[in-house]
Number of protein chains: 2
Amino acid sequence: MSDLRARNRQATREAITTAALRLAVEQGPGGLALVRVNDIASAAGVSPRTYNNYFSSREEAICGGQADQSRRAGDALRARPAGEPLDVAVTEAMVGLFTDPEPDRAGLRMIMLTPELEGEALRAFAVGEASLAEAIAERGGETGLCPEVTAAAVVAAIRVAGRHWLTPAANQPFADVIRRALGCLFSPGRTSR
Amino acid sequence: MSDLRARNRQATREAITTAALRLAVEQGPGGLALVRVNDIASAAGVSPRTYNNYFSSREEAICGGQADQSRRAGDALRARPAGEPLDVAVTEAMVGLFTDPEPDRAGLRMIMLTPELEGEALRAFAVGEASLAEAIAERGGETGLCPEVTAAAVVAAIRVAGRHWLTPAANQPFADVIRRALGCLFSPGRTSR
DNA sequence: CAAGAACTTGCGTGTCACGCACTATTTGCG
DNA sequence: CGCAAATAGTGCGTGACACGCAAGTTCTTG
């Protein structure tokens, strides 16, 4: 148990994020102000002061889970076979990362479609850009601007895909929407419907 | 007089954003907490309560100018000649929009490189996505996913370009960096140095 | 097993966002 | 030309919040 401490820490962090997101979903996008810090803390089994040691705002706590997921983007790409072309490697890595457990619709809807959460939601997705850019740079041998642009564009495309997946009209698996969105990015000529 | 009222409103809004950004730059990225609401309001010549009618957080006020600029992305694209290919039209439109007055380095550095401002900064850039996507859809005739993905990717590339332009090492005009970043997006094969 | 690091918690404080009620200015209409 | 309705600015009061500080508690390490 080299790090019993680190695991406890991660556990409480997750307890807080899941509690925060659950309470937010219960109140719906309109009543975000009704989700009190005390409620989140007690729901997570922790003192309000401890909650505040982990997150410095309700918004950050609610979107913390999304941030943790995005942060693994680089590792997801690194796990792809080395011979694979970059575009399919990225696509499959992102599909795996974001649909391995198909995300909870209500949770994602809360995070992405609540105006007061918009900033933190963008931040949560953006934390993946750095690690993804690094992984892309390793794979392509390139360095500097292009990998970062590609990484940021990929993350942006996934955001758009998420928005579309939440649309009541389109009732397709999230994986398909992500593939279509990244297709728009990687093969601009072909208009995939 | 097309609405004296609307113009006054825009004037006070700009007064608040410029005051907020100026004070923030004065304190530097570290001392954001020292920028009090009272200071911003009095520097803008309005009451603190009025400041709060326009913005609901310091961060929003500081990044308000950036948001206003990004919001014009759609119009900037529409102003390009109709025959132009999409990629060059977008590139030139964005170069014009973001470098017509070369941005203030200190201000952009404050907005983009202050951790507490990251969420609002992303939000400020993201407000341009909707209008840009609409303009792209009009031009290309397409609708749905692809224009939105392209718009989001373009905005993301500009963000990365801004980050690179702020790097002390690279001392190039902002326009060049934007062109290189969008080049990474539109012609992925060519590795522009 | 003891010293010290890391984590949690309670308390106190300064700041903030916002609802409400009131005043002043602008607009549109008879 | 004035009068009513709409809109913006302001002061006050309140509830919530983020965080510094200083204990107390649990884990790590030599």
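Here is how names work: the chains are called A, B, and so on, in the same order as the sequence lines, proteins then strands, and each is numbered from 1. In what follows, every heavy atom counts, from backbone to side chain, and hydrogens, waters and symmetry copies are set aside. It should be emphasised that the depicted structure is a prediction, and the values quoted were computed from it without experimental measurement.
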> Does the dT28(D) base have a donor-acceptor partner in the side chain of R5(A) within less than 3.5 Å?
Replying inline: no
> Does any pair with a residue in residues 96-107 of chain B pass salt bridge (charged side-chain N to carboxylate O under 4.0 Å, His left out), and if so which ones, sequence neighbours excluded?
Replying inline: none
> Checking side chain to side chain contact (heavy atoms under 4.5 Å, CB included) against Q66(B), which of V127(B), T17(B), L108(B) comes through?
Replying inline: L108(B)
>> In this structure, how many angstroms lie between the P atom of dG20(D) and the CG atom of L34(B), rounded?
In response: 12 Å
> Rounded to whole angstroms, how far apart are CD1 on I16(B) and C1' on dT10(D)?
Replying inline: 13 Å
Exercise answer: donor-acceptor pairs, residues 27-44 of chain B side-chain atoms, under 3.5 Å, sequence neighbours excluded:
from: R36(B); atom 1: NH1; to: A33(B); atom 2: O; distance (Å): 2.8
from: D39(B); atom 1: OD2; to: R36(B); atom 2: N; distance (Å): 3.4
from: S42(B); atom 1: OG; to: N38(B); atom 2: O; distance (Å): 3.2
from: S42(B); atom 1: OG; to: D39(B); atom 2: O; distance (Å): 3.2

> If the sugar-phosphate is the primed atoms plus P, OP1 and OP2 and the base is the rest, what is the B/S/- string for nucleotides 12-22 of chain C, using protein heavy atoms under 4.0 Å?
Replying inline: ---SSBBBB--
> Can you pull the ring pair (Phe, Tyr, Trp, His ring centres under 6.0 Å) pairs that have at least one residue in residues 85-111 of chain B, sequence neighbours excluded?
Replying inline: none
> Among all residues two or more places apart in sequence or in another chain, which pass the side chain to side chain donor-acceptor pair (under 3.5 Å) test with R22(B)?
Replying inline: E26(B)
>> Can you pull out every salt bridge (charged side-chain N to carboxylate O under 4.0 Å, His left out) where at least one residue sits in residues 67-76 of chain A? Sequence neighbours excluded, please.
In response: R13(A)-D68(A), D68(A)-R71(A), D75(A)-R78(A)
> Of the nucleotides dT10(D), dC7(C), dT9(C), which one has an atom closest to the side chain of Y54(A)?
Replying inline: dC7(C)
> Bend across the helix from dC1(C)-dG30(D) to dG30(C)-dC1(D), to 10°, with axes taken over 5 pairs at each end?
Replying inline: 30°
> Can you list the residues that meet the ring-ring contact (aromatic ring centres under 6.0 Å, His included) rule with F174(B), with sequence neighbours excluded?
Replying inline: W165(B)
>> Please give me every residue in residues 8-15 of chain B whose heavy atoms get under 4.0 Å of an atom in DNA chain D, ordered by residue number.
In response: R9(B), T12(B)
> Which residue pairs pass the salt bridge (charged side-chain N to carboxylate O under 4.0 Å, His left out) test with at least one member in residues 143-169 of chain A, sequence neighbours excluded?
Replying inline: E148(A)-R163(B), R159(A)-E129(B), R163(A)-E148(B)
> If you look only at pairs with a residue in residues 81-91 of chain B, which of them pass as a salt bridge (charged side-chain N to carboxylate O under 4.0 Å, His left out), with sequence neighbours excluded?
Replying inline: R80(B)-E84(B)
> Which residues satisfy the side chain to side chain donor-acceptor pair (under 3.5 Å) test with T12(A), sequence neighbours excluded?
Replying inline: Y54(A)
>> Could you go through E60(A) and S56(A), starting from their C-alpha distance and side-chain angles, then the distance that decides it, and tell me whether this counts as side chain to side chain donor-acceptor pair (under 3.5 Å)?
In response: CA-CA 7 Å; E60(A) 194 183 339; S56(A) 54; 3.0 Å; yes
>> OP1 or OP2 of dT9(C) versus the side-chain N and O atoms of S47(A): is any pair under 4.0 Å?
In response: yes
